Participant: 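The structure's right below; bear with me while I get my questions together.
Quantities reported herein were computed from a predicted structural model and do not represent experimental measurements. Chain letters run A, B, ... following the sequence lines, proteins first, then strands; residues in each count from 1.
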Amino acid sequence: MHLKSLKEVLLFHSQAIKSGFQSIIFTTNQLIHYYAKNGFLRHAHKLFDEMPERNVYSWNTIIAAHLKNHDLKKAEFLFNSSPHKDLVTYNSMLAGYVNNVDDKPELEHERSDLALRLFVEMQSSQIHGGSCSRIDEFTVTTMLNLVAKLCFVSLGTQLHSYMVKSGNVFSGFSCSSLIDMYSKCGCFREAIRVFNECRGCLDSVSKNAIVAACCRESELDLALDIFWHEVELNDTISWNTIISGFVQNGFHEKAFRLFICMMENGIRLNNHTFASILGACSSMRNLKLGKEIHAHVLKAGFIENSFISSGVVDVYCKCGNMDYAKFAYTTSSIGNAFSISSMIVAYSLMGNMEEARRLFDTLIEQNTVVWTALFSGYVKSQCCEEAFNLLSEFLAKEANVIPDALILMSMLGACAIQASLHPGKQIHSYILKSVTKIDGKLLSSMIDMYSKCGHITYAERIFLQVKERDSVLYNVMITGYAHHGKENEAIMLFKEMCERDNIRPNAATFVALLSTCRHAGLVELGENYFHAMESDYGIQPEADHYACMIDLYGRANQLEKASALMERVPFEPDAVLLGAFLNACRINRNLELAREAEEKLLRIEGESGSRYVQLANVYASEGNWVEVGRIRKKMKGKEVKKLAGCSWIHLENGVTIFTSGDTSHLKSDAIYSLLACLVAEINHLAVVERSKALA
DNA sequence: GAACATTCTC
């Protein structure tokens, strides 16, 4: 009897029941298999339970059925209670552990352990009364799969030699399994050797495995050579492999051309195809292509797949179009952790931290990517207190995880913004204790932190220990010297950068150099740098460079040069640049030019309170109260709030902020009386000093 | 005549 379709099975079964069906083990096993295969696991299990007698096939079939249904626990229970076990039973259970069939990544480690134990047990136990072999080709391929996952090369090599020695465990799968195992364990040459040995009897799976191996190794030319050789072997997976290989190696346009080629060749597209090509659209930030692929996906009915729907959301996030991203999320990807992660990253990048945090809290499990995104988002948006709170949260929640270098960099950035030396030092020592490989970026962040916290000598000490210096490292140190009024050191370091290390300065280097000149009032040198950056290094000055020069001229009482340079700015001046110019006008008491700048500035930054205050101060410094009144009037209509000047100090329990006139602190009375004592003390000391000087 | 293994995705 051959049973093929479900219809036949049901028909046969109902007839059997009607005619007073006497259970034959063989037939019932078949029924169990076909019920399970068609998704009727409960019916299959009922049949199994009702069997008066079972053989090893019955047990194997029901175990396989549960494994197919991703129920490892149930399979394990049946495995342990089965009175008949043969090699197939062991192989099935082994595969269940290796493939982590119930998809619980957190248990992967434990499962691998169980698989290894079972493998050892198989070799020692007398399966089926010792009448059959302990290991066959199924065992070997499953174990090679495990070896690939664990990067357990020594076991992989042992299996390989066992295969060669015993000769009877080779199968059609052995070649592809070996290639895959060696490649995933990082032994590319071994993978190639196996491939060359089985060239005569190459099947498409082995070919796909070696193409994937080449892509992993970034050997794309070789991958293409093999791909275009024996084209008749190429199937959908082959095309998917080569396309994803190009995407993963950053050749997105080439991947796209291959995708077009695949369609033109009439190859069937599947989930993997769309997932890879969506990845390419994301990396290219190509909204138009992304929308086209999205349309394809909807038409082909792949949007249900979680890889695909999150891929679509990711494309829109990477393109910065959050309206589309939200739409794609709510229509087809709700609850998908990858989609949520993409949106958290995107919102963090654009500084929308409320939305980023809201989504972050919806995740059941937070991964490194979203933690990192949130940290860097907070610091980029200058929300340092939130970043510190997040760090406490991270340490509490992920007690066993060492914060990733990117998180530590963000935290150093937060310390730098707040000028919080003490936490900065703590993070520094934490890095020394726990980070095994401290890279240039982390060192640059540490130098920047120490410099911005006022400890230029610490910064310098770290800088001098670094052997391999890059432009970022130099820029950070030059900027540090500039802010600490060490213009000679800054200038010398720039020379060292160009001459000793032969590193090309970039736009940021010149911001550092120009701000050195600005702080030191070095007009001529500043002009030299400003011209050199374009003529010698081909770097177009940006808003920051112009702002430095305007400020430099303003402080040196050379308003004519400042306004002449303002005229030559080749783009629409931004608020920073106009602010610098306004400041120059204030220093040089030119109300006429100030007023012109004022008009432009208010057009750009109409809502910002601090700008109005800056304007009012320009006129107040001249005693021009009519103008001050005019600005104040403008402020009133627009709900402009003046940003109060404030100081802050980082104590054990966090940051305490002091705003002028603030009495909200619980101990504000005590604070103010202590302050009064300090002021009295200072005044007293001043009087003593003065009388000493007079004496 | 029934049961177990390989290649490509965020």
Side-chain angles (χ1 to χ4, degrees), chain A residues 1-3 24-34 36-37 55-65 67-68 75 79 82 84-96 98-99 135-146 148 169 171-181 183-184 191 203-213 215-216 233-245 247-248 269-280 282 302 305-315 317-318 333 336-342 367 369:
Chain A
M1 178 190 61
H2 280 286
L3 295 177
I24 302 163
I25 298 183
F26 172 78
T27 316
T28 316
N29 287 348
Q30 260 193 322
L31 279 171
I32 293 171
H33 171 69
Y34 282 104
K37 196 181 155 192
N55 64 10
V56 68
Y57 285 101
S58 324
W59 287 93
N60 289 346
T61 308
I62 198 70
I63 289 171
L67 286 173
K68 215 162 237 143
F79 176 81
S82 167
H84 317 279
K85 280 185 206 140
D86 67 357
L87 191 51
V88 174
T89 331
Y90 276 90
N91 283 341
S92 303
M93 204 56 233
L94 192 70
V98 171
N99 298 330
I135 286 173
D136 66 357
E137 65 267 32
F138 286 92
T139 326
V140 169
T141 37
T142 306
M143 284 308 290
L144 286 173
N145 191 2
L146 179 68
V169 290
S171 71
F173 291 160
S174 56
C175 185
S176 52
S177 300
L178 277 170
I179 291 173
D180 188 57
M181 180 276 291
S183 160
K184 285 183 178 158
D203 65 339
S204 64
V205 180
S206 305
K207 193 185 155 187
N208 294 342
I210 195 70
V211 170
C215 293
R216 241 170 246 134
L233 284 175
N234 283 349
D235 55 7
T236 297
I237 294 183
S238 319
W239 283 89
N240 291 347
T241 308
I242 196 82
I243 289 173
S244 92
V247 173
Q248 248 128 50
L269 311 175
N270 71 6
N271 287 335
H272 294 260
T273 325
F274 281 107
S276 296
I277 217 65
L278 282 166
S282 288
F302 285 121
N305 180 288
S306 69
F307 285 98
I308 308 289
S309 66
S310 66
V312 170
V313 172
D314 190 57
V315 171
C317 286
K318 290 275 159 53
S333 198
N336 182 312
F338 286 103
S339 299
I340 298 174
S341 302
S342 293
N367 58 23
V369 175

Participant: Rounded off to whole Å, could you give me the CG-to-C1' distance for the D136(A) and dA3(B) pair?
Facilitator: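 From D136(A) CG to dA3(B) C1': 12 Å.
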Participant: Does H33(A) make a side-chain N or O approach to OP1 or OP2 of dA3(B) shorter than 4.0 Å?
Facilitator: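 For H33(A), the contact criterion (side-chain N or O under 4.0 Å from OP1 or OP2 of dA3(B)) is met.
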Participant: Can you figure out which of dC8(B), dT6(B), dA3(B) approaches the side chain of S244(A) most closely?
Facilitator: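 Nearest nucleotide to the side chain: dC8(B).
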Participant: For a quick check of understanding: with a heavy-atom distance under 4.0 Å over all strands, which category does S176(A) fall into, base, sugar-phosphate or nothing?
Facilitator: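 Base contact.
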Participant: Which part of the nucleic acid, if any, lies within reach of D180(A) when heavy atoms closer than 4.0 Å are counted: base, sugar-phosphate only, or nothing?
Facilitator: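 The residue D180(A) makes sugar-phosphate contact but no base contact.
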Participant: dA5(B) C1' sits how many Å from Y90(A) OH, rounded?
Facilitator: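 Atom-to-atom, Y90(A) to dA5(B), this comes out as 18 Å.
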Participant: Which nucleotide in the set dT7(B), dT6(B), dA2(B) lies at the smallest distance from any side-chain heavy atom of I237(A)?
Facilitator: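 Given the options dT7(B), dT6(B), dA2(B), the side chain of I237(A) is closest to dT7(B).
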Participant: Go through the structure and list residues passing side chain to side chain contact (heavy atoms under 4.5 Å, CB included) with T139(A), not counting sequence neighbours.
Facilitator: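 T139(A) satisfies side chain to side chain contact (heavy atoms under 4.5 Å, CB included) with L87(A), N91(A), L94(A), F119(A), M122(A), I135(A), D136(A) only.
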Participant: Counting side-chain heavy atoms from C-beta on, which of dC8(B), dT6(B), dA2(B) comes nearest to N145(A)?
Facilitator: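 The answer is dT6(B), which lies nearest to the side chain.
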Participant: So does I179(A) get a backbone contact from the side chain of S183(A), meaning a donor-acceptor N/O pair under 3.5 Å?
Facilitator: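 Side chain of S183(A) to backbone of I179(A): no pair is present.
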Participant: Counting any heavy atom closer than 4.0 Å, what does S171(A) reach on the DNA or RNA strands: base, sugar-phosphate only, or nothing?
Facilitator: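 Here S171(A) touches the bases of the nucleic acid.
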Participant: Please report the distance, rounded to the nearest Å, between CG in N60(A) and C1' in dA5(B).
Facilitator: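 Rounded to whole Å, this separation is 15 Å.
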Participant: Applying disulfide bond (SG atoms under 2.5 Å apart), can you list everything that pairs with C175(A), at least two apart in sequence or on another chain?
Facilitator: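 Result, disulfide bond (SG atoms under 2.5 Å apart) vs C175(A): C198(A).
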Participant: Taking the basic N atoms (NZ, or NE/NH1/NH2) and the acidic carboxylate oxygens, is any pair closer than 4.0 Å for D203(A) and K207(A)?
Facilitator: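 No.
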Participant: What is the nucleic acid contact for K318(A), judged by heavy atoms within less than 4.0 Å: base, sugar-phosphate only, or nothing?
Facilitator: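 Since no nucleic acid heavy atom lies under 4.0 Å of K318(A), the category is nothing.
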Participant: Could you label the plane-to-plane angle of the F79(A) and Y90(A) rings as parallel, tilted or perpendicular, counting under 30° as parallel and over 60° as perpendicular?
Facilitator: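 F79(A) and Y90(A): perpendicular rings.
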Participant: Ring stacking, F138(A) with base of dC4(B), under 5.5 Å and under 30°?
Facilitator: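 By the stated criterion, F138(A) and dC4(B) stack.
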Participant: I need the CD1-P distance between I32(A) and dA2(B), as an integer number of Å.
Facilitator: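 Going from I32(A) (CD1) to dA2(B) (P), I get 15 Å.
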Participant: For dA5(B), does the base pair up with any side-chain atom of T141(A) as donor and acceptor (N or O, under 3.5 Å, distance only)?
Facilitator: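 Result: at least one qualifying N/O pair found.
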Participant: Whole angstrom is fine here: how far is it from CD1 in I24(A) over to C1' in dG1(B)?
Facilitator: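 My rounded result for the distance is 13 Å.
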Participant: Taking only the side-chain heavy atoms of S92(A) (C-beta and beyond), determine which of dT7(B), dC4(B), dA2(B) contains the nearest atom.
Facilitator: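 Minimum distance to the S92(A) side chain belongs to dC4(B).
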Participant: Roughly how many Å is it from CH2 in W239(A) to C1' in dT7(B), rounded to a whole number?
Facilitator: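 To the nearest whole Å, that distance equals 17 Å.
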Participant: Test your reading of the model: is there a side-chain donor-acceptor pair from N208(A) to the backbone of I237(A), 3.5 Å cut-off?
Facilitator: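 Checking the backbone N and O of I237(A) against the side chain of N208(A), no donor-acceptor pair under 3.5 Å is found.
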Participant: Looking across every strand, which nucleic acid part, if any, lies under 4.0 Å from N234(A) by heavy atom: base, sugar-phosphate, or nothing?
Facilitator: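 The answer is nothing, as N234(A) stays clear of every strand by at least 4.0 Å.
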Participant: Would F173(A) count as stacking on dA5(B) if stacking means ring centres less than 5.5 angstrom apart and planes tilted under 30 degrees?
Facilitator: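 No.
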Participant: Is the shortest side-chain N/O distance from R216(A) to OP1 or OP2 of dT7(B) below 4.0 Å?
Facilitator: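 Answer no for this pair, as no side-chain N or O of R216(A) is under 4.0 Å from OP1 or OP2.
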Participant: Is it true that a side-chain atom of N99(A) and a backbone atom of A95(A) form a donor plus acceptor pair closer than 3.5 Å?
Facilitator: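 Pair found, side chain donor or acceptor close to backbone of A95(A).
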Participant: Of all the choices, dC8(B), dA3(B), dA5(B), which nucleotide is nearest to the side chain of A64(A) once you look at every atom?
Facilitator: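 Looking only at side-chain atoms, A64(A) lies closest to dA3(B).
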Participant: Select one nucleotide: of dA5(B), dC10(B), dA3(B), the one nearest the side-chain heavy atoms of S310(A).
Facilitator: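 Taking heavy atoms from C-beta onward, the closest nucleotide is dC10(B).
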Participant: Taking atom C1' of dG1(B) as reference, at what distance in whole Å does atom CG of N55(A) sit?
Facilitator: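 Result: 13 Å.
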Participant: What is the separation between atom CG on L87(A) and atom P on dA5(B), rounded to the nearest whole Å?
Facilitator: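 Rounded to the whole Å, the gap is 13 Å.
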Participant: Measuring to OP1 and OP2 of dC4(B), would you say a side-chain N or O of K68(A) lies under 4.0 angstrom away?
Facilitator: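 So the side-chain polar atoms of K68(A) do come within 4.0 Å of the phosphate oxygens OP1 or OP2 of dC4(B), strictly under.
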Participant: Side chain of F338(A) only, please: which of dC10(B), dA2(B), dA3(B) is the nearest?
Facilitator: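 Looking only at side-chain atoms, F338(A) lies closest to dC10(B).
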Participant: Can you tell me if the side-chain N/O atoms of K184(A) get under 4.0 Å from OP1 or OP2 in dC8(B)?
Facilitator: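 Looking at the OP1 and OP2 atoms of dC8(B), one of them is under 4.0 Å from a side-chain N or O of K184(A).
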